A.B. asks: 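So that we are looking at the same thing, I have put the structure below in structure tokens.
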Amino acid sequence: MLQLKKLVKTYRTGDQALKMIDLEVPDGQVLALIGPSGAGKSTMIRCINRLVEPSSGEVWLDETELTRLGAGALRRARRKMGMIFQEYALVERLTVMENVLSGRLGYVGFWRSLARRYPQKDVDEAFRLLDRVGLLHMADKRADELSGGQRQRIGICRALIQDPKLLLVDEPTASLDPKTSRQIMRLICELCAERGLAAIINIHDVALAQMFVSRVVGLRFGEIVFDGGPTELSPDKLTEIYGEEDWEATIETVEDETEEAAPVAAVAP
Ligand SMILES: Nc1ncnc2c1ncn2[C@@H]1O[C@H](COP(=O)(O)OP(=O)(O)OP(=O)(O)O)[C@@H](O)[C@H]1O
């Protein structure tokens with residue numbers, strides 16, 4: 001279980017990005033975080049793994065208060081939190097396999113990883129994950145040879161090879177076309193279900209969030225103004241989150257495309 005207790009972030013500029021956020025995310029729950037630009041979504045995601053240092057309040061992952069940890073303990077705790085980024089954050093000149101294996105850096109140490117001496121079980125798991133996301137045949141390609149959707153699949157594998165409990169996902173589809181966006185969201189949600197992972201997905205596309213997650217949290221000016229199921233997101237609620245706009249068009253259901261899903265192969269949890 002992830003718990004945020006009275007979490008506050010005020011940047012040095014004086015921007016109050018998060019104001020007393022209280023939130024509980026049970027094990028295995030996938031939650032979409034929505035809200036207008038500047039609402040504090042990225043800040044919240046980054047305060048959880050302390051890429052951004054909270055100003056006050058507490059973050060708990062199970063029995064561990066992350067906000068109290070020193071550098072060494074934080075490094076170990078971060079293994080339990082996989083992160084997926086909008087811009088993929090791959091190392092372009094490395095191969096797909098090397099990028100996936102870099103997710104094990106927190107376990108094998110920097111020098112061993114530099115010498116590419118990953119344990120065989122890590123390499124085996126990397127192959128299994130690549131197979132699961134449909135990119136086994138790309139293992140030896142350089143990252144800069146891939147499309148955006150393929151890159152994000154590698155980013156997902158890199159996060160999963162950490163063996164996390166929780167995924168922190170920051171605008172995973174913002175650089176992708178609509179069809180690829182749906183494929184990537186579906187893949188993330190399927191993998192979370194298969195592995196019993198919780199996830200917080202910062203996402204701009206409300207319709208996409210509604211298609212795939214069971215809980216939506218709406219942020220506005222650093223405060224939670226909505227917390228409920230996707231079907232509860234009425235135009236009124238959306239106006240509360242985003243301000244005035246014509247929401248009828250936006251929340252129109254996108255047709256599902258099951259046949260586009262990545263091939264479902266068995267991956268041992
Ligand atoms: N490094 C920073 N220094 C100062 N202020 C910041 C910094 N990062 C974010 N902010 C401010 O904090 C507030 C929340 O920003 P944040 O990026 O978390 O919002 P967001 O909801 O993720 O927005 P977007 O959807 O545009 O990415 C904004 O007012 C922003 O200007």
Side-chain angles (χ1 to χ4, degrees), residues 2-25 30-59 61 66-67 74 78 81-90 148 151-152 155-156 159 166-178 180-182 184-185 188 198-213 215-228 230 233 237-247 249-251:
L2 173 76
Q3 282 179 288
L4 311 185
K5 299 182 185 177
K6 298 190 171 16
L7 194 67
V8 172
K9 175 64 189 179
T10 309
Y11 285 102
R12 270 185 295 182
T13 49
D15 281 300
Q16 262 207 303
L18 298 177
K19 302 170 188 162
M20 291 280 184
I21 297 287
D22 286 305
L23 185 71
E24 288 190 1
V25 185
V30 177
L31 174 160
L33 192 58
I34 65 169
S37 190
K41 305 180 297 295
S42 294
T43 301
M44 184 164 134
I45 290 217
R46 285 174 161 71
C47 278
I48 292 169
N49 62 4
R50 288 179 53 195
L51 283 182
V52 167
E53 213 41 81
S55 306
S56 64
E58 299 170 12
V59 179
L61 187 59
L66 301 174
T67 26
L74 177 61
R78 278 182 178 154
M81 295 176 279
M83 191 145 184
I84 297 171
F85 302 89
Q86 174 184 348
E87 294 297 343
Y88 327 118
L90 303 183
R151 281 165 188 239
Q152 196 53 292
I156 293 167
L166 170 71
L167 285 183
L168 300 170
V169 191
D170 204 5
E171 299 192 31
T173 61
S175 307
L176 303 174
D177 64 67
T180 311
S181 296
R182 289 195 290 280
I184 291 294
M185 269 300 275
I188 292 171
I200 300 184
I201 307 177
N202 167 11
I203 188 154
H204 270 285
D205 187 329
V206 176
L208 201 54
Q210 285 177 298
M211 276 179 80
F212 291 106
V213 305
R215 181 179 176 192
V216 178
V217 168
L219 271 189
R220 181 172 170 85
F221 299 132
E223 289 176 310
I224 293 177
V225 295
F226 176 84
D227 186 352
L233 267 179
K237 296 284 181 199
L238 284 164
T239 302
E240 216 175 300
I241 302 168
Y242 287 93
E244 286 301 329
E245 201 165 317
D246 178 11
W247 289 108
T250 317
I251 57 175

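In listed order, ligands and their atoms are each counted from 1. This chain uses plain numbering: 1 for the first residue, then up along the sequence. Just so we're clear, the structure is a prediction, and the values are computed from it rather than from any experiment.
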A.B. asks: Please report the interatomic distance CD1(Ile200) to CE(Met83), rounded to the nearest 0.5 Å.
C.D. replies: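 Atom-to-atom, Ile200:CD1 and Met83:CE are 10.5 Å apart.
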A.B. asks: Checking side-chain contact (heavy atoms from CB on, under 4.5 Å) against Pro172, which of Asp170, Val169, Leu176 comes through?
C.D. replies: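 So, applying the side-chain contact (heavy atoms from CB on, under 4.5 Å) to Pro172 and each of Asp170, Val169, Leu176, only Val169 qualifies.
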A.B. asks: What's the spacing between Ile201 CD1 and Ile188 CD1 if we round to 0.5 Å?
C.D. replies: 5.0 Å
A.B. asks: Contact residues of ligand 1 with a heavy-atom cut-off of under 4.0 Å?
C.D. replies: Tyr11, Thr13, Asp15, Ala17, Pro36, Ser37, Gly38, Ala39, Gly40, Lys41, Ser42, Thr43, Glu171, His204
A.B. asks: Please check this pair: side chain of Lys41 against backbone of His204, looking for a donor-acceptor N/O pair closer than 3.5 Å.
C.D. replies: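 A pair under 3.5 Å: no.
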A.B. asks: Who are the side chain to side chain contact (heavy atoms under 4.5 Å, CB included) partners of Tyr11, not counting sequence neighbours?
C.D. replies: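 Tyr11 satisfies side chain to side chain contact (heavy atoms under 4.5 Å, CB included) with Lys9, Thr13, Asp15, Ala17, Thr43, Val52 only.
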A.B. asks: Can a salt bridge be assigned to the pair Lys5 and Asp22 using a cut-off of 4.0 Å between side-chain N and carboxylate O?
C.D. replies: no
